[in-house]
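Heads up: the structure comes next, in C-alpha cells.
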Number of protein chains: 2
Amino acid sequence: MVTENRRRRVTITDVANHAQVSTTAVSKVLRNAYGVSEAMRAKVQAAIDELGYRPHAAARAMRGRTFTIGVLLPHIRNPFFADILDGLTEQIGPAGYQAIMVQAGGTDPKEERRAVDALVDRQVDGILTIAPALAKAELEEIGGGTPTVVLGRHDRSAVYDSVLDDDEVGAELVVEHLIALGHRRIAHITQADDGRGRATALLQTIRARTYERVMTEHGLADHIALAVTSYTEEGGYEGAKRLLARTPRPTAIFAGADQAAYGTLAAVHEAGLTVPGDISVAGYDNARISRLAHISLTSVDQDGAIMGRTAGRLLLERIEGRTSAVRFSVTPTLVTRRSTAPPAGAS
Amino acid sequence: MVTENRRRRVTITDVANHAQVSTTAVSKVLRNAYGVSEAMRAKVQAAIDELGYRPHAAARAMRGRTFTIGVLLPHIRNPFFADILDGLTEQIGPAGYQAIMVQAGGTDPKEERRAVDALVDRQVDGILTIAPALAKAELEEIGGGTPTVVLGRHDRSAVYDSVLDDDEVGAELVVEHLIALGHRRIAHITQADDGRGRATALLQTIRARTYERVMTEHGLADHIALAVTSYTEEGGYEGAKRLLARTPRPTAIFAGADQAAYGTLAAVHEAGLTVPGDISVAGYDNARISRLAHISLTSVDQDGAIMGRTAGRLLLERIEGRTSAVRFSVTPTLVTRRSTAPPAGAS
DNA sequence: CAAGGTGTGGGTATCGTTACCCATGGCCGC
DNA sequence: GCGGCCATGGGTAACGATACCCACACCTTG
C-alpha cells in the first residue's frame with residue numbers, strides 16, 4: 001500500500017470534536033434523523049463545511065445505507081442506455097444518491113451474475129438491471145436481498161419492480177409500417193437467448209414473436225425469415241448477410257435494435273444494394289445516431305429518460321420500505337425516416 | 001429498510017466455524033497472504049465453496065483493499081470509451097479486481113469532482129479518469145490519496161500516471177492528408193475548455209494547435225477557421241453550420257472527434273451539400289460506427305483496448321507500491337475512407 | 001544440546017459509522 | 001405538586017474484515 005504522505009481522512013469524530021458535540025449528534029444531522037434541534041444542525045453543519053468532511057461510504061455500509069444505486073449494464077456501447085442513465089441520475093441525485101455502473105460483459109448469464117454480486121458485495125441500496133439475461137429465479141433472489149428494478153423484461157414478479165416499453169406495440173408498428181408500404185418479404189434479425197428455460201420474458205423474444213404474429217395475420221406466414229444473431233453491429237451484419245443470400249431476397253429487414261440495423265446497413269451496402277431502393281431497413285430504440293441524415297433510420301422510439309427516472313423513483317420508494325411490486329410500461333412510437341420506402345416495383 | 005425475509009449474509013466467521021479454523025486463517029486464504037499451508041488452503045476453500053461465501057467489500061474497505069477500480073467517464077455516449085473499458089477489464093479481472101464506473105456529467109469540473117469524490121468515498125483501490133476537465137492541482141490531490149491513472153491528457157505529473165495517444169501526430173496526419181488531397185480551406189471543430197487556467201494539457205487543445213501549426217507551415221494560415229463548440233453530435237452540427245456559413249466556404253472540415261463528425265455530416269447534408277463531393281469530413285477516434293459503409297468516415301485510430309489494458313496494469317502496479325510516475329503514449333494511425341476526397345475542381 | 005531461525009496458526013484491536021437505548025430537563029395535565 | 005411524556009443529546013456495542021503481533025512446533029547449526 002502506498003502510504004507516502006497520505007493524510008488521514010476527516011472522520012465523523014473530527015467533526016464531533018470540532019463542533020463540541022457527540023458523534024451521534026453528527027450522525028443524526030448527516031442522516032436527517034429525528035431528534036436534532038435547529039441550533040445543533042447549524043453548528044454541526046458549520047463544522048462539516050469547515051473541515052470539508054465527507055461521510056465514508058464504506059463505513060456507512062457496515063451499519064446503514066450507502067446512498068448508492070448499482071446499475072447493471074450489458075455493455076456501454078448501446079447509446080440508448082445513456083438516456084436511461086441520465087433519467088436515473090436526474091431522479092436519485094437530489095435525494096443524495098449516487099449511481100455506479102458495472103458492465104455485465106455480454107449476454108453470458110454467469111458473467112451477469114458475477115457483476116450483480118459485485119454490486120451486492122458493495123452493499124448498494126438498490127439495483128437497476130438493464131435487459132438482464134439472468135433466469136427469473138436469480139433475479140428474484142437478488143430482489144429478495146436488495147431493492148431491485150428490472151428494466152426491459154416482461155416477467156411479472158412479486159419481489160422486484162419492472163420498467164419496460166411495450167415491445168409488442170413497437171414491433172407491431174414496424175411490421176405494419178413495412179406491410180403498408182407494400183412489402184411482403186419482410187425479414188427479422190433477433191438476438192439469441194442463451195437461457196436454458198422459457199425466454200418469453202425477454203424483449204427480443206417479444207419482438208420476434210410479434211413479428212411472426214403480424215406477418216401471419218396478414219397472410220404472410222410463408223415469408224417469415226428469421227436470422228438469430230445478436231443485437232450488435234456484428235450481429236446485424238452477419239444476420240443481414242444470411243438474409244440477403246436467400247432466394248427470393250427479402251425486400252425489407254426489421255432489425256430488433258438500432259445497433260443491429262447499422263450492421264445491416266453495412267451488409268446491404270456491401271452487397272451492392274441500396275437503401276431503401278433495394279432493401280428497406282428499420283430498427284428499434286431510436287438512438288441518436290439513427291437521426292443523422294446519413295443514416296436516417298426508421299426506428300421505434302422509447303423514451304429512455306422517462307424509463308430511467310421511473311426506475312429511480314421506484315428504487316427510492318422500495319428503499320423507503322415499499323414491498324408491493326410495481327410494473328411501469330411505456331408505449332413506444334414509430335419514427336419513419338428515409339431508410340424505409342415502398343419496394344421496387346410497387347405502385 | 002426492507003427486512004422481510006432477508007436472510008443473513010454468510011460471513012468470514014461462518015466460514016471459520018465451518019472449517020474449524022480461525023477467521024484470521026480464512027482471511028489469509030482470501031488474500032493469498034503468507035503463512036498458509038496447502039492443507040489449510042484446501043480446507044478453507046472447501047468451506048468457502050460449500051457455504052457460497054463472498055467477501056463483503058464494504059467491510060474489507062474498513063481495513064484493507066476493496067479490489068475495486070473506479071472509472072470516471074465524462075459520459076457513456078462515446079463508443080471509444082467502451083474499448084478502453086474492455087481493455088481495463090481484461091487486465092484487472094484476472095487479478096480479482098472489479099471496475100465500477102461513474103458518470104461525470106458533462107464537462108463541468110465541479111460535477112467531475114463530485115463524481116471522483118464518490119469513488120474516493122467508496123474506497124476504491126485505484127482510479128482511472130478518462131479525459132478529465134479537472135485542474136491539474138485537483139488531479140494531483142486525488143493522485144496523492146489514491147493510485148490514479150489519467151487517460152487522455154498531456155500533463156506530466158509526479159503523482160499519477162498518464163496514458164494518452166499522441167494527439168499531435170494524429171491531428172497532423174489528418175491535416176496533412178487533407179492538404180495532400182488538394183484542400184486549402186480546411187476548417188476545424190474543437191471543444192471549449194471551461195478551465196480557468198492554461199489548457200495546453202487538454203487533448204482538444206493539442207489537436208487544435210496542431211491543426212493551426214500544420215496549416216501555417218503550409219502557408220495556409222489565412223485559411224484557418226475554428227469553430228469552438230464541443231465533441232458531441234450537437235457540437236459538431238452547430239460548429240459545421242457556422243463554418244458552412246463562411247464565405248468562401250471551406251472545402252474540408254476536420255472534426256476533433258468522431259461524435260462531432262457525425263453532427264457535421266448531418267449539417268452538411270442539411271445544407272444540401274454532399275460528402276465528399278462538396279465537403280470532405282474527417283474525425284478522430286475511429287469509432288466502430290465510423291467504419292459503416294453509410295458513414296465511411298476518415299478518422300484517426302487510437303487503440304483503446306491497449307490504452308485500457310495499460311491503464312489497468314499501471315494501476316495494479318501502483319496499488320502494489322510503485323511510487324514513480326509513468327507516462328504511456330500510443331501512436332495513432334490514419335484510416336482513410338470515403339468521406340474525404342480531392343476538392344471539387346482539383347485535378 | 002542449546003540457541004536461534006522458520007513456517008504456520010490464532011488472538012485481538014481496529015477501521016468509521018449507525019442502531020439502539022438510556023439520561024436529562026422542561027413542560028403539561030390532573 | 002407529582003407522574004409521565006416529549007424533545008434532545010449522548011454512550012456504546014455492533015457491522016465484517018484485516019493488520020499486527022504473538023505462540024508454538026519443528027528444524028537447522030555451531
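Quick caveat, the model's predicted, so the values are computed rather than measured. Just the heavy atoms: all of them, side chains too, but no hydrogens, waters or symmetry mates, feed the values below. Protein chains get the first letters and strands the later ones, always in sequence-line order, with residue 1 at the start of each.
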Return the value, rounded to whole Å, for the distance between atom [atom1] of [X] and atom [atom2] of [N].
X: A:Arg41; N: D:dA7; atom1: CZ; atom2: P; result: 15 Å
X: B:Gln123; N: D:dG16; atom1: CD; atom2: P; result: 18 Å
X: A:Lys43; N: D:dG9; atom1: NZ; atom2: P; result: 8 Å

Most 5' of A:Val21 and B:Met62 on DNA chain D, judged by nearest nucleotide: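 Comparing both residues, the 5'-ward one is A:Val21.
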
Name the one of A:Val150, A:Val149, A:Leu151 that satisfies side chain to side chain contact (heavy atoms under 4.5 Å, CB included) with A:Asp161?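 Exactly one pass, corresponding to A:Val149.
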
For the side chain of A:Arg63, starting at C-beta, report the closest nucleotide among C:dT18, C:dG10, C:dG7. C:dT18

Consider the side chain of A:Ser37, meaning its heavy atoms from C-beta on, and name the nucleotide among D:dT8, D:dG10, C:dG16 that approaches it most closely.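 Comparing D:dT8, D:dG10, C:dG16 against the side chain of A:Ser37, the answer is D:dT8.
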
Please step through side chain to side chain contact (heavy atoms under 4.5 Å, CB included) for the pair B:Ser162 and B:Asp155, ending with a clear verdict. CA-CA 8 Å; B:Ser162 303; B:Asp155 302 293; 5.6 Å; no

Looking just at side-chain N and O atoms, do [X] and [Y] make a donor-acceptor pair shorter than 3.5 Å?
X: A:Arg114; Y: B:Gln98; value: yes
X: B:Thr68; Y: B:Arg122; value: no
X: A:Glu140; Y: A:Ser157; value: yes

Under 4.0 angstrom between [X] side-chain N/O and [N] OP1 or OP2:
X: B:Ser22; N: C:dG11; answer: no
X: B:Tyr34; N: C:dG7; answer: yes
X: B:Ser27; N: D:dT18; answer: yes

Can you list, by residue number, the residues of residues 52-60 of chain A that have a non-hydrogen atom closer than 4.0 angstrom to DNA chain D? none

Is a donor on one side and an acceptor on the other found under 3.5 Å between the side chain of B:Asp125 and the backbone of B:Thr66? yes

Within the 4.0 Å heavy-atom criterion, would you say B:Val26 contacts the bases, only the backbone, or no part of the nucleic acid?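 Nothing: the residue B:Val26, judged by heavy atoms under 4.0 Å, touches no strand.
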
Classify the nucleic acid contact of B:Thr24 as base, sugar-phosphate or nothing, counting any heavy atom under 4.0 Å across all strands shown.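 Base contact.
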
